[in-house]
Amino acid sequence: MSESRFKKVRTRIAPSPTGNLHLGTVRTALYNLLFARYHGGDFLFRLEDTDKERSKEEFTNEILDGFKWLNISWDDPSSEDAPEGAEMTGLSEGHIVKQSVREAIHKKYITKLLSEGKAYKCFASKEELDEMRAKQQANKEIPRYDNRSRNLSEADQAKFESEGKPFVVRLNLGADRDILWNDLIRGEMSINTKDLGGDPVIQKSSGQVLYNFAVVVDDFAMQISHIFRGEDHLSNTAKQIAIYEALGFSVPEFGHLPLIFTKDKQKLSKRKHGDIASVDTYKKQGYLPEALVNYLVGTSYNDEELGELFSIEEAADEFDIEAVSKSPAIYDIKKLNWYNREYISKLDYADILNNCAEFSKFSLKTTDKYSQDQIEAMLKGIQDSLDKFDEVDIHIDYFFEDFSVVEDKILKTLEDGKIIVEKLLILIDADGINFADPVSFKNALNSVGKILELNGKKLFMPARIAISGKTSGPDIGLIAHLLGEEKIKERLKKIQDKLTNTV
RNA sequence: GCCCCCAUCGUCUAGUGGCCUAGGACAUUCGGUUUUCAUCCGAACAACAGGGAUUCGAAUUCCCUUGGGGGUACCA
């Protein structure tokens with residue numbers, strides 16, 4: 001990396017509490033975190049809550065909860081070697097910088113730019129600007145602010161001010177020029193100021209400063225050295241560099257990450273794609289945070305040493321921001337599910353129990369239907385077939401509830417195996433099966449198979465369906481062992497009755 | 001419209017001029033294990049968008065075309 005004007009690597013994530021925690025935000029946070037950790041620097045958190053209309057406390061909480069769940073934490077932003085003018089206020093509990101608390105500081109810099117002539121007041125009304133744009137479009141020109149107030153006469157300015165006419169503050173971009181930066185992910189970048197849509201507003205008529213301005217002032221105060229964000233910020237970066245320069249601040253390094261798309265090749269967004277963009281959805285469905293993190297990082301970052309499965313810590317040891325892909329990643333829930341299954345299969349039993357209990361309606365930890373040893377055998381039996389924990393009950397419901405077979409296909413299998421059910425019942429009545437032994441039922445089934453000259457699927461599938469109602473599950477001996485003699489007998493009889501009545 | 005970005009299997013990607021008849025993972029299909037299913041294991045399928053240029057040699061460099069995306073606010 002090039003020699004930095006910053007004493008320490010500092011990155012940040014700066015979400016705004018105007019919606020749920022978005023997968024893209026998490027991925028951006030992750031790359032910033034990884035970069036900071038790799039370079040032994042800090043990773044900070046700032047809440048961009050200046051839009052009072054749209055910011056909501058519930059979103060703040062959801063975002064914070066989400067990061068906590070994902071095990072993503074940030075460092076203390078206070079610093080002893082802050083440059084002059086880098087006032088650091090807006091700190092709240094948990095090392096969070098709240099942008100809204102920093103209004104006075106933002107204003108101070110507006111005043112500074114105004115007094116230095118690097119920014120100016122624009123009194124043009126909304127109607128006036130709409131008219132201007134309409135005219136431009138009619139003339140087939142590119143609609144943009146024409147910098148009409150850049151050189152307002154002192155007399156006019158004084159007049160408007162005395163009238164109390166509302167105004168916005170705009171940054172004077174000066175003569176057209178290329179704004180250049182060396183993007184850490186994309187290489188040399190160049191955007192001309194003439195394509196920025198005219199001198200940008202930095203303070204609204206309400207007195208509120210705008211995003212692009214607040215970001216620069218706050219990133220300076222937080223001494224952010226590297227900014228990694230989505231490529232949808234590309235033109236913001238050009239504006240922000242102009243603001244950095246006007247303010248006389250050192251410009252940080254930038255890197256623009258590819259976006260996450262859905263199959264329709266559109267930016268993954270809550271509006272278009274609903275809940276799949278929200279972290280909370282995954283939490284509620286029983287995904288493991290480690291799996292989600294691994295998937296998200298892996299979408300645009302690969303490393304041969306790391307392989308497919310890695311933790312944040314492992315990735316931080318190797319992380320190379322320049323290896324991040326430039327092209328968008330298409331969101332693939334099947335791959336996420338694979339990651340989740342991998343992580344689930346590696347879990348200790350205590351974690352399996354906790355997660356299953358959280359998502360199951362069968363009170364797994366307190367049930368009196370089964371001992372905890374039996375619950376353990378049951379859950380270990382299905383551990384490898386879970387994609388996510390909210391599926392737990394469809395794998396274990398037959399241990400707790402009776403079922404009725406209605407599907408034609410399954411019914412057919414059962415009819416073909418009617419004789420097996422009968423023989424099994426006879427064996428049970430003759431005390432030929434020891435249910436305390438997990439292999440006894442299986443052995444009995446085998447002996448039935450020998451008598452009937454049946455084996456494989458023809459033998460096992462009807463038996464499996466008759467006692468569990470399902471075509472898949474753990475070892476059939478284990479199922480019978482857990483269910484016990486009474487229940488097995490009851491279910492076999494019920495099936496037998498049903499088959500007798502329908503045939 | 002204008003500006004900017006991107007372009008290898010269906011998907012995520014490896015690949016920075018010869019090691020590429022392009023490697024891995026997910027998905028899919030087919031086998032094997034499991035006397036069943038799931039799991040697991042093995043295999044197969046499958047891509048350098050198109051056209052020029054540079055070069056002894058191009059997936060890799062350059063240009064054009066095409067396609068896709070992002071931005072273009074007194075939102076963040």
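Lettering of chains follows the sequences in order, A, B, ..., and the numbering in each one begins at 1.
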Heavy-atom count check: over 12 atoms from other residues, nucleotides or ligands less than 6.0 Å from [X] [atom1]?
| X | atom1 | result |
| --- | --- | --- |
| A:Lys470 | NZ | yes |
| A:Glu304 | CD | no |
| A:Lys165 | NZ | yes |
| A:Lys263 | NZ | no |
| A:Glu53 | CD | no |
| A:Lys326 | NZ | no |

Could you check how far [atom1] of [X] sits from [atom2] of [N], rounded to whole Å?
| X | N | atom1 | atom2 | result |
| --- | --- | --- | --- | --- |
| A:Asn302 | B:rU13 | CG | C1' | 5 Å |
| A:Tyr339 | B:rG24 | OH | P | 16 Å |
| A:Glu128 | B:rA73 | CD | C1' | 17 Å |
| A:Glu304 | B:rG15 | CD | P | 7 Å |
| A:Ile330 | B:rC12 | CD1 | C1' | 9 Å |
| A:Leu309 | B:rC12 | CG | C1' | 14 Å |
| A:Ile179 | B:rC3 | CD1 | C1' | 13 Å |
| A:Ile13 | B:rA76 | CD1 | C1' | 12 Å |

When the nearest nucleotide of RNA chain B is assigned to A:Ala124 and to A:Asp332 on a heavy-atom basis, which residue is associated with the more 5' position? A:Asp332
Between A:Thr299 and A:Asn192, who's closer to the 5' end of RNA chain B by nearest nucleotide? A:Asn192
Considering every strand and a 4.0 Å limit on heavy-atom distances, what is the contact class for [X]: base, sugar-phosphate, or nothing?
| X | result |
| --- | --- |
| A:Ser325 | sugar-phosphate |
| A:Val201 | sugar-phosphate |
| A:Ser55 | nothing |
| A:Gly298 | sugar-phosphate |
| A:Leu210 | sugar-phosphate |

Partner nucleotide of [N] by Watson-Crick or wobble geometry (both distances under 3.5 Å):
| N | value |
| --- | --- |
| B:rA49 | B:rU65 |
| B:rC2 | B:rG71 |
| B:rA43 | B:rU29 |

Would you indicate which nucleotide in [options] comes nearest to any side-chain atom of [X]?
| X | options | result |
| --- | --- | --- |
| A:Lys334 | B:rA76, B:rA27, B:rG1 | B:rA27 |
| A:Glu308 | B:rG24, B:rU13, B:rC26 | B:rG24 |
| A:Arg464 | B:rA76, B:rC12, B:rC37 | B:rC37 |
| A:Met189 | B:rC40, B:rA27, B:rC4 | B:rC4 |
| A:Lys326 | B:rC26, B:rG24, B:rC6 | B:rC6 |
| A:Met461 | B:rC12, B:rC37, B:rU35 | B:rC37 |
| A:Ser472 | B:rC37, B:rU39, B:rA76 | B:rC37 |
| A:Asp51 | B:rC12, B:rA76, B:rC6 | B:rA76 |
| A:Leu459 | B:rU35, B:rC12, B:rC74 | B:rU35 |

Regarding [N], can its base be found pairing with the side chain of [X] as donor and acceptor, where the two atoms are less than 3.5 Å apart?
| X | N | result |
| --- | --- | --- |
| A:Ser205 | B:rC74 | yes |
| A:Lys335 | B:rA27 | no |
| A:Arg54 | B:rC75 | yes |

[atom1]-based separation of [M] from [N] [nearest Å]:
| N | M | atom1 | value |
| --- | --- | --- | --- |
| B:rA47 | B:rG42 | P | 23 Å |
| B:rA22 | B:rU16 | P | 16 Å |
| B:rU55 | B:rC41 | C1' | 47 Å |
| B:rC40 | B:rA46 | P | 25 Å |
| B:rC37 | B:rG31 | P | 12 Å |
| B:rU72 | B:rU29 | C1' | 47 Å |
| B:rA59 | B:rC20 | C1' | 9 Å |
| B:rA38 | B:rU28 | P | 12 Å |

Give each protein N/O atom lying under 3.5 Å from an N/O atom of nucleotides 41-48 of chain B, with the pair distance.
none

Please name the pair of heavy atoms, one in [X] and one in [Y], separated by the smallest distance, quoted to 0.1 Å.
| X | Y | result |
| --- | --- | --- |
| A:Phe228 | A:Asn32 | O-ND2, 2.8 Å |
| A:Leu268 | A:Thr262 | CD1-CG2, 3.5 Å |
| A:Glu318 | A:Tyr301 | O-OH, 3.7 Å |
| A:Cys122 | A:Tyr145 | SG-OH, 3.1 Å |

I'd like to know if the side chain of A:Arg229 pairs up with that of A:Thr237 as donor and acceptor (distance under 3.5 Å, no hydrogens or angles considered). yes
Establish, from distance only, whether the side-chain atoms of A:Tyr211 and A:Asn236 form a donor-acceptor pair under 3.5 Å. no
A:Tyr287/A:Tyr339 aromatic ring centres below 6.0 Å: no
Could you check, using the six-membered ring where one of them is a Trp, whether A:Phe123 and A:Phe160 have ring centers closer than 6.0 angstrom? yes
When you compare the protein's N or O atoms with those of nucleotides 16-20 of chain B, which come within less than 3.5 Å of each other, and at what distance?
none

Think A:Thr471 has a side-chain N or O under 4.0 angstrom from the OP1 or OP2 of B:rU36? no
Describe, in one word, how the ring planes of A:His256 and A:Trp181 are oriented to each other, choosing from parallel (under 30°), tilted (30 to 60°) and perpendicular (over 60°). tilted
Go through the steps for A:Lys52 and A:Glu103 under the test salt bridge (charged side-chain N to carboxylate O under 4.0 Å, His left out), then give the verdict. CA-CA 12 Å; A:Lys52 284 169 186 135; A:Glu103 274 178 39; 2.9 Å; yes
Could you go through nucleotides 68-72 of chain B and list every protein N or O atom that sits under 3.5 Å from one of its N or O atoms, giving the distance for each pair?
residue: B:rG69; atom: OP1; partner: A:Gln266; partner atom: NE2; Å: 2.8
residue: B:rG71; atom: OP1; partner: A:Lys267; partner atom: NZ; Å: 3.3
residue: B:rG71; atom: O2'; partner: A:Ser235; partner atom: OG; Å: 2.6

